[in-house]
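Here's the structure, in structure tokens; my notes come after.
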Amino acid sequence: MYQFLGETLTTFYQSSKQDKPWQLGYSPYQIWIYEIILQQTRMAQGMPYFDKFIKRFPNIETLAKSSLDEVLEQWQGLGYYSRARNLHATARFISENLNNEFPKTYDALIKLKGIGKYTAAAISSFAYGENQYVLDGNVYRVLSRYFGETTEINSSQAPKTFYAYLEKIHKNFDSQILNQSLMDYGAQICTAKLPKCSECKLNLHCVAYLSNQIIHYPQKIKPNKLRNRYFYCVFYLNEDVIYLKKRIEKDIWQDLYQGDMVESEAFPDKRFIFPIKEKDFDLDWSIQRLTHQKIHIKFAIKPIESFDLNTLGEENFYALSELHRIPMPKIIDTFLRNLR
DNA sequence: AAGTCGGGGAT
DNA sequence: ATCCCAGACTT
């Protein structure tokens with residue numbers, strides 16, 4: 001089974017005409033950005049951000065010299081903002097401690113912030129040809145179906161189980177090619193929904209397919225139910241100035257900007273503490289469904305009074321003309337855009 | 001070992 | 001409405 005899998009994937013790779021990052025002449029730095037952006041993110045969503053990001057920060061030095069706000073601004077709308085924070089911190093670390101030289105080995109890469117087993121393997125394999133195995137969502141899916149592996153892929157023991165498969169598969173084949181073809185196969189043929197089993201060359205030995213159980217693989221532990229969260233958000237505003245404050249809590253949207261915002265148990269909340277009444281929050285009510293949370297925000301606009309500047313802190317007021325350079329959560333950004 | 005972190009697109 | 005994506009980090 002291992003030999004057949006390796007041969008089939010190698011053949012698939014050679015017939016695939018899709019351009020690979022390293023074939024496009026991407027530098028190790030660019031492959032790093034590429035892999036971070038594509039964490040938990042589809043190609044179609046990530047690639048426009050990759051192009052923008054590389055154009056704005058062509059190398060380690062420019063990224064390291066930029067402010068966190070500037071990096072987050074490029075990242076706005078992409079989600080999982082810790083990726084941008086770690087990217088920025090790692091760029092500065094490499095610039096200050098490694099003489100601007102990007103680490104070249106798996107062992108060095110995995111010590112960097114934001115780089116885990118997958119990304120260390122991907123960079124060291126794709127940029128430097130090191131013999132390492134990538135294990136991502138695509139690989140989990142292909143292997144679990146092909147071998148009929150019932151270990152839940154989001155369980156804590158999943159990595160150990162699946163790396164054992166990879167070790168045997170990679171034994172007689174080129175790791176770089178196998179890494180890329182496993183992921184491409186999962187993305188193009190062995191897809192999560194409506195897999196193309198009829199044109200799949202692996203189905204001769206695919207345990208899930210032969211037992212007609214494809215739909216039940218990969219197995220997964222049920223996620224927790226959606227958490228509802230309710231926020232009130234006030235924008236103190238006049239013709240050319242707006243109040244914005246950075247979220248500093250270790251919570252969703254850390255380091256992004258928002259209005260004067262408080263969270264409540266529900267709408268309406270008796271403990272409401274803003275200087276304007278709950279009924280003034282009829283301006284708009286946005287709901288955003290995320291993977292694990294459902295965000296409800298009631299927005300309000302309040303003209304700036306002279307005492308507001310003292311109460312809220314003058315440093316938190318920004319010119320409207322520079323609004324586009326301030327990173328904000330998608331739902332906040334959308335509201336402010338619609339305001340115009 | 002379990003929880004947390006975004007947003008979008010396909011079904 | 002549900003799933004899940006070229007995952008990593010914290011508790």
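Proteins get letters first, then strands, A, B, ... in listed order; numbering begins at 1 in each. From a predicted model like this one, the values you see are computed outputs, not experimental measurements.
- Using P as the reference atom, B/dG3 and C/dA6 are 25 Å apart when rounded to the nearest Å.
- As rounded to whole Å, 5 Å separates atom C1' of C/dG7 from atom CD of A/Gln40.
- Checked against ring-ring contact (aromatic ring centres under 6.0 Å, His included), A/Tyr80 has no partners two or more places apart in sequence or in another chain.
- Residues near A/Tyr217 contribute nothing to a hydrophobic cluster around it, because no ILVMFWY side-chain heavy atom sits closer than 4.5 Å to its side chain.
- For residues 73-86 of chain A, every residue pair satisfying the salt bridge (Lys or Arg N to Asp or Glu O under 4.0 Å) rule, not counting sequence neighbours, is listed here: A/Arg85-A/Asp255.
- Taking the six-membered ring where the residue is Trp, A/Phe147 and A/Tyr2 present tilted rings, their angle falling between 30° and 60°.
- Across residues 142-164 of chain A, not one residue has a non-hydrogen atom less than 4.0 Å from an atom of DNA chain C.
- Across C/dG7, C/dC5, C/dT2, the shortest atom-to-atom separation from the side chain of A/Thr291 is found for C/dC5.
- C/dG7 atom C1' lies 10 Å from atom OH of A/Tyr140, rounded to whole Å.
- Ring pair A/Tyr146/A/Phe4 is parallel by interplanar angle, where below 30° counts as parallel and above 60° as perpendicular.
- Of the C1' atoms belonging to C/dA8 and B/dG9, the separation is 23 Å, rounded to the nearest Å.
- To the nearest angstrom, P of C/dA6 lies 11 Å from CD of A/Gln188.
- The CG atom of A/Asp184 sits 10 Å away from the C1' atom of C/dA6 (whole-angstrom rounding).
- Side-chain N or O atoms of A/Gln293 include none that pairs as donor or acceptor with a backbone N or O of A/Leu290 at under 3.5 Å.
- A search for side-chain contact (heavy atoms from CB on, under 4.5 Å) contacts involving A/Val262 returns A/Tyr232, A/Ile273, A/Phe274, not counting sequence neighbours.
- One can place CD of A/Gln180 at 12 Å from P of C/dA6, the figure rounded to the nearest angstrom.
- Judged as a ring-ring contact (aromatic ring centres under 6.0 Å, His included), and not counting sequence neighbours, the contacts of A/Phe317 are A/Tyr243.
- Rounded to the nearest 0.5 Å, atoms CD1 (A/Ile189) and CZ (A/Arg141) are 11.5 Å apart.
- Every residue two or more places apart in sequence or in another chain was checked for a ring-ring contact (aromatic ring centres under 6.0 Å, His included) with A/Tyr163, and none qualifies.
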Pairwise N/O distances under 3.5 Å, protein to nucleotides 9-11 of chain C:
from: C/dC9; atom 1: OP1; to: A/Gly114; atom 2: N; distance (Å): 2.3

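- Running 5' to 3' along DNA chain B, contacts with non-hydrogen atoms of chain A at under 4.0 Å begin and end at B/dA1 to B/dT11.
- Applying the ring pair (Phe, Tyr, Trp, His ring centres under 6.0 Å) definition to pairs two or more places apart or across chains, those involving residues 90-112 of chain A are A/Trp32-A/Phe102.
- Distance check on atom P: B/dG6 versus C/dT11 gives 15 Å, rounded to whole Å.
- For the pair A/Leu194 and A/Asp251, nearest-nucleotide mapping onto DNA chain B gives the more 5' position to A/Asp251.
- A straight line from CE of A/Met47 to P of C/dC5 spans 19 Å, rounded to a whole angstrom.
- Distance A/Phe126 CZ to C/dA6 P: 13 Å, rounded to the nearest Å.
- Residues from residues 214-229 of chain A lying near DNA chain B, meaning a heavy-atom separation below 4.0 Å, are A/Asn224 in numerical order.
- Legend: residues meeting side-chain contact (heavy atoms from CB on, under 4.5 Å) with A/Lys330, ordered by chain and number and at least two apart, are A/Gln288, A/Thr334.
- Not a single donor-acceptor pair under 3.5 Å links the side chain of A/Thr191 to the backbone N or O of A/Gln188.
- Here the C1' atom of nucleotide C/dA6 and the CZ atom of A/Arg141 are 11 Å apart, to the nearest Å.
- Ring planes of A/Tyr230 and A/His296: parallel class, angle under 30° (limits at 30 and 60°).
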